[in-house]
Amino acid sequence: MVDVLGVAVVGFGWMGRVHTQAYARVPHHFPQLTLRPELVAVAEEVPGRAEEAAGHYGFASATRDWREVAADPRVRAVSITAPNFLHREIGVAMAEAGKHIWIEKPVGLGVGDACAVADAVAAAGVQGAVGFNYRNAPAVEVARELIASGEIGTVTHARVRLFSDYAAHPDGALTWRYERERGGSGVLGDLASHGADLARFLLGDITSLIADTAIFVPERARPTGATAGHTLATGGDLGPVENEDYVNCLLRFASGARGVLEACRVSVGEQNNYGFEVHGTRGAVFWDFRRMNELGVSRGTTYQDQPVSTVYVGPGAGEYGAFQPGAANSMGYDDLKVVEAYRFLRSIAEDTPHGATLADAVHSATVLEAMSRSAEDGSWVEVHP
């Protein structure tokens, strides 16, 4: 018996489209799922954008006011892909209205916002999923299993990197992303939030850290109209960039392992250079998002000059088998969001969490807040989840 689940998307920039496409693809990749999403409503405040989305993707209704979605009895689950400063208000309202929520990270502007949404979800008894998509890569899940099983020995140290050039152009528009009030903590919330989640997903809780941050492009031109994504703007009034372009952080884990987390949004020559290296007493494991379906693995008993093998993940690794029939066939970024959608819908169907939750968002936000405090005073800061 298949139950039709009315879903809505609030905020229809690029990520709103990604969520919408994921809902459409879920039944094809996961036919065993007992819930089938139906696109009921889309909300976007930019004039005409919601109507355009409805026309392209088949939403039954379109509105500029997300509050209409909260009041719509047809809607049982909501994707929240609006700007960061709206996450708390929308997330709490949707949960209080009895809607399950799939919300993009970093879930607001800080720990307070993430906790407020998490508390609302818990109080309402609904499911809450968070967009930490990189943990959904089958190779990452295999890496986690290798680490947990002791295949590389006891973890000694690790590095997590997230380098991108999306904000490198000096003519990039001064959108909400660069403002403290609406964007929050810059590259910390945007990229380092993924890094904090990956580090914890692979290695366990972070107990303390010391961080340094920098702004390398201090001014940008204000856009003269509606923006989507990372728009260029010239000729507008210049305004200050208020949040971080770069962060570098030393980590200490509860296990005793040490780590480095580094993220930058203005790295010229770097396009989505995301990944990690984890070293243990008997081996190591390496992952690069740009070669998402591969792992570099070193294991054995030779220690010195021990080789690294390339492992191609295949069916049996995470949700890989839902997309490809054999190893070394590629999966892509959008597939990770289909996995995320599946786990969100499965959580609703089984009334138990699958995948990243609001608790994970709170943990990540706690680490980011500690980074900010450390960067301000230059000292080690303890992390209290």
Side-chain angles (χ1 to χ4, degrees), residues 10-16 43-47 49 64-67 70 80-94 101 103-120 130-131 164 166-167 169-194 196 211-233 236-247 263-266 358 361-362 364-377:
V10 175
F12 210 82
W14 168 68
M15 188 54 72
E44 168 57 63
E45 66 176 11
V46 175
R49 191 177 286 175
R64 292 181 61 186
D65 188 352
W66 60 263
R67 294 168 185 82
I80 301 171
T81 56
N84 299 348
F85 68 98
L86 296 172
H87 285 185
R88 178 173 183 160
E89 183 182 12
I90 298 174
V92 169
M94 293 300 174
I101 65 171
I103 187 168
E104 276 304 314
K105 53 87 219 164
V107 188
L109 302 180
V111 175
D113 286 358
C115 286
V117 179
D119 290 346
V130 179
S164 182
Y166 71 78
H169 201 298
D171 292 336
L174 188 70
T175 65
W176 60 269
R177 295 180 183 276
Y178 303 101
E179 301 174 3
R180 286 281 180 194
E181 185 176 351
R182 297 194 296 167
S185 58
V187 77
L188 271 71
D190 190 14
L191 295 181
S193 60
H194 282 299
D212 185 32
T213 63
I215 298 173
F216 296 131
V217 183
E219 291 185 320
R220 296 181 182 273
R222 302 182 190 280
T224 56
T227 61
H230 306 292
T231 307
L232 300 184
D237 294 335
L238 292 178
V241 172
E242 298 173 350
N243 52 30
E244 309 86 354
D245 288 328
Y246 171 83
V247 60
C264 186
R265 64 188 180 188
V266 297
L358 269 301
V362 171
S364 177
T366 302
V367 172
L368 300 183
E369 186 173 277
M371 287 183 192
S372 294
R373 294 203 314 271
S374 175
E376 288 176 2
D377 61 24

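Hydrogens, waters and symmetry mates are skipped; everything else that's a heavy atom, side chains included, is used. Keep in mind that what you see is a predicted model, and the values were worked out from it rather than measured.
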Which heavy atom in [X] sits nearest to a heavy atom in [Y], and how many Å separate them?
| X | Y | value |
| --- | --- | --- |
| Cys264 | Leu191 | O-CD1, 3.6 Å |
| Val266 | Ala167 | CG1-O, 3.3 Å |
| Val92 | Ala116 | CG2-O, 3.8 Å |
| Ala82 | Ile90 | CB-CD1, 4.1 Å |
| Ala114 | Leu358 | O-CD1, 4.4 Å |
| Cys115 | Val362 | SG-CG1, 3.8 Å |

Heavy-atom side-chain proximity of [X] to [Y] below 4.5 angstrom:
| X | Y | result |
| --- | --- | --- |
| Thr213 | Met371 | no |
| Leu86 | Trp176 | no |
| Leu174 | Val241 | yes |
| Phe85 | Leu109 | yes |
| Ile103 | Met94 | no |
| Arg265 | Asn243 | yes |
| Arg64 | Val46 | no |
| Val187 | Asp245 | no |

Nearest-0.5 Å distance, [atom1] of residue [X] to [atom2] of residue [Y]:
| X | Y | atom1 | atom2 | value |
| --- | --- | --- | --- | --- |
| Leu368 | Leu188 | CG | CG | 5.5 Å |
| Glu242 | Arg177 | CD | CZ | 15.5 Å |
| Asp190 | Lys105 | CG | NZ | 4.0 Å |

Q. In terms of side-chain geometry, is the basic nitrogen of Glu244 or Arg180 positioned less than 4.0 Å from the acidic oxygen of its partner?
A.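 Salt bridge flag = yes for Arg180 with Glu244.
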
Tell me whether Arg220 is salt-bridged to Asp171, with the criterion being a basic N under 4.0 Å from an acidic carboxylate O.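 Looking at Arg220 and Asp171, the cut-off is not met.
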
Given the rule in the side chain to side chain contact (heavy atoms under 4.5 Å, CB included) test, do Tyr178 and Val217 qualify, once you have shown the distances and angles that lead to the verdict?
CA-CA 10 Å; Tyr178 303 101; Val217 183; over 6 Å; no

Please identify each residue that fulfils salt bridge (charged side-chain N to carboxylate O under 4.0 Å, His left out) with Glu179, with sequence neighbours left out.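 Once residues adjacent in sequence are excluded, the partners of Glu179 under the salt bridge (charged side-chain N to carboxylate O under 4.0 Å, His left out) criterion are Arg182.
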
Would you say [X]'s side chain and [Y]'s backbone share a donor-acceptor pair under 3.5 angstrom?
| X | Y | result |
| --- | --- | --- |
| Glu44 | Phe12 | yes |
| Asn84 | Pro106 | no |
| Asp113 | Arg88 | no |
| Thr81 | Met15 | no |

Residues in side chain to side chain contact (heavy atoms under 4.5 Å, CB included) contact with Asp65, at least two apart in sequence or another chain: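 Testing Asp65 for side chain to side chain contact (heavy atoms under 4.5 Å, CB included), a comparison that skips the adjacent residues, returns Thr63, Arg67, Glu68.
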
